[in-house]
Amino acid sequence: MLTALPFLALLGCEPAPVQEVHEGPLDSSWIAQIVADPAAFSAVVDADRSGWIALHGNDLPTASGGDGPAAARGLAALSALHITLGRLGSAAWQSTAATWEARSGLPEGSAMPWFVALAAKDAGEASLAGAWLERAVEGGSPDASAAADALRQGDTGRPDVRENPLLGLYLRHMELRDGAEGMADVTAAAARPVYEEPGESGDARAFYDPQIHWTLAEVYRPEPAALPSGLAGVMFSPCLSEVDLEADRQRLSEGGSLGTLCARGESWAALGLDTELGAEDDPESARAYVRALDRQLDPWAKALSDGASPEGRELLEQLGLVPLFRSQALLSRARLALEAEHPRQALALAQLALDLEHPRDLSPVNAPGLFAVLAESNLLTGHTREALDALQVLVEVFPEATGVDEVVGDLAILKVMDRHGDSKEH
Amino acid sequence: MTPAQSRLLTAGALLALATPAVGAALRYAEDLSPAIVNPLFATTMSEARVNELIFQGLYTDNEELAATPALVESATVNSSRTAMTLTLRRGLTWHDGETLDANDVLFTINAMKNKATLSTEAGRVEWIESVTKVDDYTVELSFGGVEARPEDKLYFKILPEHLFDSTTVSRSDGFRNRPVGSGPYQLVRYNDDNSITFQARGAANIGELTMREISDKNYQAKLLLYESLEALIRVLPRDLAVLQNNRKVELYPYQTNSWWYVGFNMERAPFDEPEVRQAIANMIDVESLLAPVGTGDILSGPFVKSSPFYNHDVQPYGYNYGTASGLLEKAGYAREGDWWVDKKGNPLTVNLNAHQTLESAQEVVINLQSQLQGSGVKVNVDFLDEAAWKSRVWREGEFDVILSQWSFDRNEDIHEQFHSKGSRNFTGYNNENVDELLDAAKSASDPHAKKTALRKAHAIIHDDAPMVFLWTLDSYAAMSTRVSNVLIHPFYFFTYVDDWRLQ
């Protein structure tokens, strides 16, 4: 469910005198800029009101539907979201297969090795992908065996290849990543099983598209130069200032990750928060980091509000600019922790970023990416069932995440299949 | 203290309750003090949590929630996976100083299996055909079938054989008040204010824990903010935002698969008629009931929405008086004035019981009463204390309709609640198709098959309506920032308490 934001504060907003800002990263931030100069904010928003309302509310599908700066920002956020979901899905497919294999062996003649191979391939794990492809050739279903054999031999150009449902879908993904049209059809199809085979109980064993998120991440990914500049580039973002954004634009053009935009940099260094969270994956370091951030943000936000014009204060409070920034900054930092293979720290950061007034809803504070990071970090710390809680929120807005949800669900089931369940009252 | 008593507390009384921190003691709040401290008879979450402090199992969960040895030093499983030899760690002692050895393992398993014991946990050892002592520190378990990962089932708590006369253990055995375990904390005293004090044994960083029974969630939250508690086990959703904005408090989410329900006694008329149950389900505006509690997910069946077993094609019942009327008319009722009456002119009456300490139950029950009476069903309400609840609901089936809550671990195994032979099937629910599906789910080795079976069971149970499924709430513990290194087990809570620190 998306929280609608009326932008009441913007209605009838008159230009207010530009207030003097103090030196310092927070005082020169986009938040301070908006509060000091509501007219500048209105000028940006008026160009694409619905897009900015959607972006503020983390309604990324709507935000990305336009053609202005809000849409570019929305696409960037979507790309980062799908990178996390892609990584999560790949990890879940591999872990599910490995757990199933260790427990009872994979079902004979199943197409599962094919799906695991694709998940591994997209995650950049070539040797693992090769091994699963080999497995699919040898013991997969006839469809999986034929598809894997053709792919292994690079023999995908034959006219009959597309008749194989598994290989046909794979080839479609490759075309989409090369810029072909038709993403909407593949995205819609990903909400349903893309392949079924007879299962243990006589019912169908259903498989979902393991490649969808990697493809969406690629399709949505904007060129660094396409990200808007100025206030439109930084407001509602984890970048404190335009300087930080421009510095990171360079990092992005060198292949840096969109998800960790402005997670570190000059402003953070000036705040004393451009620190390593330690070589160990210690969640206490992450919690200490958040406390340090709050120690800076809390008094500054109060002083900003106290000194603001009525219009500026209304914007600050109605749009929840400080909590929004705090959450975006922690999300970016959590993704950095995931890149550093510190999932416990990522989990702590993401948990502390969440707005608990609406813990199951997307909102200005609760970005889709936050739930994706919660899901991934829970999965990587062994808390598979908890990952499903976060995914549930996403599936309601992004039906194409159904497949990830299902495969993580399979893993959650496998992990406790031999346990005796416990239940208690209250 | 009952909720009613709690509500009478003035601000002054609250201040009197508020006491400064003493030494390195962590004080945590429970809605309800454990009625019994004996793992053989644990039925509530507060009892499960205290058991986690005092006792140990052969295995436990590591931080990644995988089985790891606790009392066990080493184990081997035979090639056919039908037997397992367990060697216990040497040098383990009970809190009274006695040695923990193979006799204790034998005793515990045999006591749980002993039908005369009436252990609520008997199902946890059904798969063990026999247990034999090899030597003082070695036991051999023989299984009834092939077990892929037997260690996953060896989490039940081990009891001290030397404190019991036989494997027939009574619920009223004095052990319940003088429990002796081998876990990280020893129960040292029950205090006059109904609190319980535990002292650390072994490696735990926090020297002392105190469990305080405070049934009113408002007061729990206030006492935490006044620094008179260091931990709340579970915060109501409505309080989350306030606590989140207090920088002296940190919130820790943990996953419990728990849901509230209104349950019918299907062995009593008129609740043995599906139309009557379904009609009542259609008279309840669940969203309005939930409002005083906060936000949560409204459910259509016996799983939480994020569960892989939840059937998203099944919609929750909602208030629909027209549908309810049709169902009651089909069941032979007619609306006469304010009430629905049967053919003899007797008004349709619901005697509704709730546990007096179920969080926010009083508001929910009163609203439920108002809703049903507004639709023409008389409702008599009775809040039961722990003893009456156990007796009337668990043992005697002396109830019409109950409001309660079930919490499940990650298995989300509803077999005990909905199988006709389930040990927690208070409602007397009996549907052969559901029995078959639950059995199929239990024996499945393919997660797809398990999902399919349980999603089908969800749909049938919803239609049969042995319960009206209400909602699930997010579980957050609240801790003072003085408490660090906190990791919470999603079900047993205190599994990693050894590592917690208190400044």
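The figures here come from the full heavy-atom set of this structure, side chains too, leaving out hydrogens, waters and symmetry mates. Labels below follow one simple rule: chain letters A, B, ... track the order of the sequence lines, proteins then strands, and each chain is numbered from 1.
Between B:Asp61 and A:Arg419 there is a salt bridge, since a side-chain N of the basic residue sits under 4.0 Å from a carboxylate O of the acidic one. A salt bridge links B:Arg424 and B:Glu121; the closest N-O separation between the charged side-chain nitrogens and carboxylate oxygens is under 4.0 Å. Remark: B:Asp239 does not engage B:Lys217 in a salt bridge, criterion side-chain N to carboxylate O under 4.0 Å. By the 4.0 Å N-to-carboxylate-O rule, B:Lys451 lies too far from B:Asp446 to be salt-bridged with it. With respect to the salt-bridge test (charged N to carboxylate O, under 4.0 angstrom), the residues B:Glu47 and A:Lys424 do not qualify. Ion pair A:Arg205/A:Glu197 flagged as a salt bridge, since at least one NZ, NE, NH1 or NH2 atom sits closer than 4.0 Å to an Asp/Glu carboxylate oxygen. For A:Asp294 and A:Arg326, the salt-bridge test passes: some basic side-chain N is under 4.0 Å from an acidic carboxylate O. The pair B:Arg501-A:Glu284 does not meet the salt-bridge criterion, since no charged nitrogen lies less than 4.0 angstrom from a carboxylate oxygen.
Annotation: A:Glu280, atom CD; neighbour count of heavy atoms from other residues, nucleotides and ligands within 6.0 Å does not exceed 12.
Interface check for chain B: of the options A:Ile413, A:Val416, A:Leu356, the most heavy-atom pairs under 4.5 Å are formed by A:Leu356. Chain A forms more heavy-atom pairs under 4.5 Å with one residue of B:Asp297, B:Val486, B:Thr481, B:Thr120 than with any other, namely B:Asp297. For the options B:Gly123, B:Ser258, B:Ser404, heavy-atom pairs under 4.5 Å to chain A are most numerous at B:Gly123. Of the listed residues (A:Glu357, A:Lys415, A:Glu406), the one with the most heavy-atom contacts under 4.5 Å to chain B is A:Glu406. Of the listed residues A:Arg344, A:Arg103, A:Glu200, A:Arg385, the one with more heavy-atom pairs under 4.5 angstrom with chain B than any other is A:Arg385. In terms of non-hydrogen atom pairs under 4.5 Å with chain A, the most contact-rich of B:Thr295, B:Leu487, B:Asn257 is B:Asn257. Counting heavy-atom pairs under 4.5 Å between each of B:Asp413, B:Asp474, B:Leu240 and chain A puts B:Asp474 at the top. Considering only heavy-atom pairs separated by less than 4.5 Å from chain B, the leading option among A:Ala390, A:Ala206, A:Gly199, A:Pro323 is A:Ala206. Of the residues considered (B:Glu412, B:Arg149, B:Arg238), B:Arg149 shows the highest number of contacts with chain A, using heavy-atom pairs under 4.5 Å. Taking B:Tyr254, B:Trp406, B:Phe408 one by one and counting their heavy-atom pairs under 4.5 Å with chain A, the maximum is reached by B:Trp406.
Looking at A:Leu106, there are no atoms closer than 4.5 Å to chain B (heavy atoms on both sides), in backbone or side chain. Contact of A:Asp422 with chain B is made through backbone and side chain together, with heavy-atom distances under 4.5 Å. Neither the backbone nor the side chain of B:His415 comes within contact range of chain A; no heavy atoms are under 4.5 Å apart. Contact annotation for B:Ala42: both backbone and side-chain heavy atoms come within less than 4.5 Å of a heavy atom of chain A. Contact annotation for B:Phe156: neither backbone nor side-chain heavy atoms come within less than 4.5 Å of a heavy atom of chain A. For a residue to count as touching a neighbouring chain, one of its non-hydrogen atoms must lie under 4.5 Å from one of that chain's; by this rule A:Glu425 touches chain B with backbone and side chain alike. For a residue to count as touching a neighbouring chain, one of its non-hydrogen atoms must lie under 4.5 Å from one of that chain's; by this rule B:Ser307 touches chain A with backbone and side chain alike. In this structure, chain A has no heavy atom under 4.5 Å from any part of B:Tyr310. Heavy-atom distances place no part of B:Ser475 under 4.5 Å from chain A, backbone and side chain included. In this structure, no portion of B:Leu154 lies under 4.5 Å from any heavy atom of chain A. Heavy atoms of A:Asn378 lying under 4.5 Å from chain B are absent altogether. B:Thr44 touches chain A through backbone and side chain together, each having a heavy atom under 4.5 Å away. Contacts between B:Ala148 and chain A at a heavy-atom distance below 4.5 Å involve backbone atoms as well as side-chain atoms. At a 4.5 Å heavy-atom cutoff, the contact between B:Gln417 and chain A is made by side-chain atoms alone. Contact annotation for B:Tyr59: neither backbone nor side-chain heavy atoms come within less than 4.5 Å of a heavy atom of chain A.
Within the cation-pi definition used here (under 6.0 Å to the ring centroid, within 45° of the axis), B:Arg410 does not qualify as a partner of B:Phe491.
The two residues A:Leu293 and A:Leu330 make their nearest non-hydrogen contact at CD2-CD2, 3.8 Å. Nearest heavy-atom pair across A:Leu391 and A:Val408 is CD1-CG2, 3.9 Å.
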(request) Report the C-alpha separation of B:Phe309 and B:Phe303 in whole Å, then their side-chain angles, then the decisive distance to 0.1 Å, and conclude whether the ring-ring contact (aromatic ring centres under 6.0 Å, His included) test is met. (result) CA-CA 7 Å; B:Phe309 310 129; B:Phe303 302 105; 5.6 Å; yes

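Residues B:His448 and A:Phe207 place their aromatic rings such that the two centres sit under 6.0 Å apart.
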